[in-house]
*Asks:* 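Below you'll find the structure I mean.
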Amino acid sequence: MSDLRNELTRLKTTHLAQRYPGDLAADINERAIPSQGSTMRSEHAGTTRFRPAVMGTLAVAAAIVFLAVMIHVAEQSSQPDHAEPDLTQAGTDQPSQNMTLSDLPALSLTAWLKLSASSDLTISTQGLPALSLPTVTLDVNPSAAIRS
Amino acid sequence: MGTIVTSLPKNPISTRDESAVTASVIGREALLVARAQRGDKAATDQLLRGVQDVLYRFCLSTLCDAEAARDATQETAVRVLRGLSSFSRQSSFQTWALGIAVNVSREMRRRQAQAEKGARDIRTTHATRSTESPQPDTAADEREQMERLAELMNELTDRQREALVLRFFEEQSVEQTAGVMGCASGTVKATVSQAIRILRQRWSKP
């Protein structure tokens with residue numbers, strides 16, 4: 001077994017033969033020295049790099065903003081664009097707005113009559129479909145009337 | 001054990017000539033540090049190039065992984081540059097930088113816990129270099145012995161390994177080692193002695 005002293009001396013020789021692989025000053029310049037602020041600027045690249053803590057904060061802030069926008073969009077999409085009036089209930093509920101005939105769907109006569117009975121609803125008769133009402137013929141005899 | 005302890009290098013500042021040379025070096029280093037502290041990039045680069053190998057060797061010996069050692073060396077250099085304005089020049093620049101490397105290496109070693117992988121890497125490194133020996137059988141035997149010693153060193157505590165590397169491998173004085181490790185000179189002596197005693201005990205076991 002070799003003497004420990006000899007081995008230590010040999011290990012020392014090996015140790016002292018080690019050299020830093022490259023140029024430390026150049027490596028440090030490339031690595032970019034952090035300044036006092038939260039960001040550091042690379043001399044060679046000319047770009048601004050951020051420390052991990054700042055990057056994390058920015059990522060969290062971006063995530064919060066993204067979530068807020070998504071929630072807002074979801075709320076907006078869940079609401080109807082405009083409430084469609086239930087015209088079949090026009091006789092009981094008072095419509096709060098005037099409507100033109102083009103807004104109205106085809107209705108039965110009963111519905112039209114109900115609509116017309118509504119005091120607050122203004123309906124123009126222009127454009128109404130032609131209604132075929134039964135013709136009533138009165139058979140009146142003038143002479144009989146005179147006799148009676 | 002005694003033979004190893006007494007064979008440790010003495011303080012390099014021991015003769016008048018060496019003192020004069022060292023004073024010249026220190027004076028030159030002080031000028032570089034002063035220029036670097038005023039923002040002279042060339043002086044800063046020169047300072048870093050002057051300590052890059054010793055920082056890398058120290059990180060390699062404590063982390064036992066080439067890639068981790070390179071990262072640790074770069075991180076040390078970054079911290080050196082950050083703290084350069086506050087460097088009071090009470091110690092040499094190398095001692096101050098090595099002190100930062102000690103902290104960086106300890107942090108990385110705690111984080112990574114890659115002692116086993118490091119042992120493999122240092123074995124590979126030593127094996128590569130030792131194969132330059134002309135006799136294959138001798139080289140294999142030497143490589144085996146060095147692998148075993150590297151494993152034994154890896155089993156030491158961080159402070160024991162740091163003290164041994166700084167004092168024995170890097171030939172730092174007791175005072176310089178104490179300055180790097182942030183402890184008293186007596187603590188350095190005791191830690192080195194303890195490390196060598198442990199190595200001897202484990203080395204003698206078959």
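What you are looking at is a predicted structure, and each value in this text was computed from that prediction instead of being measured. In what follows, chains carry the letters A, B, and so on, assigned in the order in which the sequence lines appear, proteins first and then strands, with residues in each chain numbered from 1.
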*Asks:* L48(B), L47(B), T44(B): which one forms the most heavy-atom pairs within less than 4.5 Å of chain A?
*Replies:* L48(B)

*Asks:* Please report the interatomic distance OG1(T9(A)) to CZ(F168(B)), rounded to the nearest 0.5 Å.
*Replies:* 4.5 Å

*Asks:* Given the rule in the side chain to side chain contact (heavy atoms under 4.5 Å, CB included) test, do R57(B) and L16(A) qualify, once you have shown the distances and angles that lead to the verdict?
*Replies:* CA-CA 7 Å; R57(B) 285 197 301 264; L16(A) 291 176; 3.8 Å; yes

*Asks:* Considering non-hydrogen atoms only, spot the tightest contact between Q74(B) and Y20(A) and give its length.
*Replies:* NE2-OH, 3.0 Å

*Asks:* Nearest 0.5 Å please: distance from the CD atom of Q18(A) over to the OH atom of Y56(B).
*Replies:* 6.0 Å

*Asks:* Check whether more than 12 heavy atoms from other residues, nucleotides or ligands sit under 6.0 Å from atom CD of E155(B), and answer yes or no.
*Replies:* yes

*Asks:* For the CG atom of L11(A) and the CD atom of E147(B), what is their distance to the nearest 0.5 Å?
*Replies:* 11.5 Å

*Asks:* Per the side-chain contact (heavy atoms from CB on, under 4.5 Å) rule, which among L152(B), L199(B), L149(B) passes with E7(A)?
*Replies:* L149(B)

*Asks:* Between H15(A) and L60(B), is a side chain to side chain contact (heavy atoms under 4.5 Å, CB included) present by the stated rule, with each step listed?
*Replies:* CA-CA 9 Å; H15(A) 171 84; L60(B) 183 63; over 6 Å; no

*Asks:* To the nearest 0.5 Å, how far apart are CZ in R200(B) and CG in L8(A)?
*Replies:* 10.5 Å

*Asks:* Tell me if a side-chain donor or acceptor on Q52(B) pairs with a main-chain N or O of L24(A) at a distance below 3.5 Å.
*Replies:* yes

*Asks:* Quick one: does R70(B)'s side chain have a donor or acceptor within less than 3.5 Å of a partner on P21(A)'s backbone?
*Replies:* yes

*Asks:* With a 4.5 angstrom heavy-atom cut-off, which part of E75(B) approaches chain A: side chain, backbone, both or neither?
*Replies:* both

*Asks:* Can you tell which part of R49(B) gets under 4.5 Å to a heavy atom of chain A, answering side chain, backbone, both or neither?
*Replies:* side chain

*Asks:* Find the distance between CG (N29(A)) and CG (D45(B)) and round it off to the nearest 0.5 Å.
*Replies:* 5.5 Å

